[in-house]
Structures are given as structure tokens and as C-alpha cells.
Amino acid sequence: MIDLLAASMDVKDFWFSLPLIVTVSLVYAATRHELMGPILSHTVRIGVWIVGFMMIVLAVLLAISWFT
């Protein structure tokens, strides 16, 4: 349990997800809007949504590993 928690707290591995989140958010927002202003604001909202979803999945997986 403690090894899994320590592995999940290894922040350097999360840096690999940053370019992927930015790219997916930009492409998704660019398919919805044409002007740069709405694209950037939508990119930020989608990026926050993706990071939040990833944190929820991490919390669920940690809870499952803790109870098993």
C-alpha cells in the first residue's frame, strides 16, 4: 500500500501528461471556435476538466488499492 502511494506521488511522471493535455485541449477547442480568444478560454476550461477527471480517477484507484 505504501509503495503504491509513494509511486503515485512521484510528480516527475505527471510532467509527461502536460503536453498531451495541452494538445488535446487546444485541438478540441479549435474544432469548436474560429477566433483565438474563445479558443484559449475553452482550452483552459477543457484542460481543467481533464486534470480534474484524472485526479478523480487517481483517487478512485488509490481507494480501491487501499481497500484490497
ask   = Where does the angle between the aromatic ring planes of His33 and His42 fall among parallel (under 30°), tilted (30 to 60°) and perpendicular (over 60°)?
value = perpendicular

remark   = Hits for ring pair (Phe, Tyr, Trp, His ring centres under 6.0 Å) against Phe67, two or more places apart or cross-chain, chain-then-number order -> none

Are [X] and [Y] in one and the same hydrophobic cluster, where Ile, Leu, Val, Met, Phe, Trp and Tyr link if side-chain heavy atoms are under 4.5 Å apart?
X     : Y     : value
Val48 : Phe53 : no
Leu20 : Trp49 : yes
Val24 : Met54 : yes

At what distance, to the nearest 0.5 angstrom, does [atom1] of [X] lie from [atom2] of [Y]?
X     : Y     : atom1 : atom2 : answer
Thr43 : Ile21 : OG1   : CD1   : 12.5 Å
Leu61 : Ile56 : CG    : CD1   : 12.0 Å
Arg32 : Ile39 : CZ    : CD1   : 12.0 Å
Leu26 : Leu40 : CG    : CG    : 7.0 Å

task = State whether the number of non-hydrogen atoms from other residues, nucleotides or ligands found under 6.0 Å of Met36 atom CE is greater than 12.
result = no

Contact summary for Ser25 and Ile50, nearest pair of heavy atoms = OG-CD1, 3.9 Å

